[in-house]
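First up is the structure itself, then whatever we jot down about it.
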Amino acid sequence: MAKSNILSPIFYNTLQGVLNFQRGFQPQDTDIILASFPKSGTTWLKALTVALLERLKNRSSNDHHLLLSDNPHGIVPFFEIDMYNESLSPDLVNFSSFPRLFSTHMPLHAMHETLKESPCKIVYVCSCRDVKVMLISLWFFGCAIHKIELDKNLLGSMFKSFCSGTVYYYGPFWEHLLSYWRESLENPNHVLFMRYEEMKAKPRDQIKRLADFLDCPFTKEEEEKGSVDEILNFCSLRNLSSLEVNKTQKTNNVDHKNYFRKGEVGDWKNYLTPEMESKIDMVIQEKLQGSGLKF
Ligand code: A3P
């Protein structure tokens, strides 16, 4: 299988989607945009954000929780993959609720013109857990959605593309990362930069950080009654992957179960050679030099 085809069932019209988004999207001040490079923890970030906003609806139980009836990707669609890929003006009727919640894999510079006057909130999640694990995660995902065996040749060609900055449709990983990193430093009220491995290591701190940024901080009462842990447990990989909607259903030809695998830090060690490992480390070190961003 050609490496460029690995995510084609999902990204089949993405470039058109980016162009349509740039021409057609009208931001609102209260919009929230969840951004990431593919396989960086997007599903988790979407689930946590939905759960944070759902709690504001003040229901007495979780029975009608949005995440029980749909996958996080169904609730928070991607601009360029699900919305603008076929139209300049997609139907936004499902976004009448406040605030509107969108997602994207575009680098920030691709949205710059469209969002330049907008104070909307952008949360970026980065798989600094290890860029290498992101590559492995993509490899598993690509093979799973194509229902093929894990193919080491495919991993080899994805590795080369990754190091040369031509993997996927979103440009070099390091430019993606740096576009959000720099803006998060310059404009911290506009862009929040989150790291997957920090979310794993200190989930309570990170979800509170997210809630503060989204202007829906946990109250003292909520903290006392355990709301923080409740949301973290509800959005855990184990819980989400056990929900009926994620075990049995699919969206855009992708089985929801494929969005959940191990979620471990360091999983790449089982698949990449030491040479591949040091090459990736070298590329990342060189590209991020002087940015202040360290893995
Ligand atoms: P692995 O393939 O390393 O297991 P994305 O959501 O951007 O596609 O990223 C996919 C990675 O996030 C996968 O990593 C997946 O297992 C992990 N993941 C999905 N849901 C998660 C959750 N609720 N908590 C932690 N990790 C999660």
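One-based numbering, in listed order, for ligands and for the atoms of each.
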Side chain, backbone, both or neither: the part of Ser236 lying under 4.0 Å from ligand 1 by heavy atom:
backbone
I'd like to know whether ligand 1 has Tyr196 as a neighbour, heavy-atom separation below 4.0 Å.
yes
Please confirm whether Gly263 comes within less than 3.5 Å of ligand 1 when only nitrogen or oxygen atoms on both sides are compared.
yes
Quick check on contacts: which atoms of ligand 1 are under 4.0 angstrom from a heavy atom of Gly41?
5 (P), 6 (O), 7 (O), 9 (O)
Check whether any side-chain N or O of His105 sits under 3.5 Å from a backbone N or O of Ser36 as a donor-acceptor pair, and report yes or no.
yes
With a 4.0 Å heavy-atom cut-off (strictly under), which part of Cys235 contacts ligand 1: side chain, backbone, both or neither?
backbone
Do Val191 and Asn187 touch side chain to side chain, with heavy atoms closer than 4.5 Å?
no
Once rounded to the nearest 0.5 Å, what's the spacing between atom CD1 of Ile207 and atom OG1 of Thr49?
8.5 Å
Given Tyr259, Phe37, Trp44, identify the one with the heavy atom nearest to atom 24 (N) of ligand 1.
Trp44
Distance-only donor-acceptor check, side chains Ser40 and Ser127, under 3.5 Å
no
Could you tell me if Gln16 and Asn20 have a donor-acceptor pair between their side chains, going purely by distance under 3.5 Å?
yes
Should the proximity of Ser40 to ligand 1, defined as any heavy atom under 4.0 Å, be assigned to the side chain, the backbone, both, or neither?
backbone
Is there a donor-acceptor pair closer than 3.5 Å between any side-chain N or O of Ser184 and the backbone N or O of Trp181?
yes
Can you list the ligand 1 atoms lying under 4.0 Å from a non-hydrogen atom of Lys262?
4 (O), 16 (O)
Would you list the pairs meeting side chain to side chain donor-acceptor pair (under 3.5 Å) in which at least one residue belongs to residues 66-90, sequence neighbours left out?
Tyr12-Glu86, Thr43-His73, Lys46-His73, Asn71-Asn246, Glu80-Thr104, Glu80-Tyr170, Asp82-Asn252
Polar contacts were defined as any N/O atom of the residue lying under 3.5 Å from an N/O atom of the ligand; does this apply to Lys200 and ligand 1?
no
Looking only at distances, can you tell me whether any N or O atom of Thr42, backbone or side chain, sits closer than 3.5 Å to an N or O atom of ligand 1?
yes
Min heavy-atom dist Phe260 to ligand 1 below 4.0 Å
yes
Apply ring pair (Phe, Tyr, Trp, His ring centres under 6.0 Å) to residues Trp139 and Phe159 and explain how you reach the verdict.
CA-CA 10 Å; Trp139 179 49; Phe159 162 77; over 10 Å; no
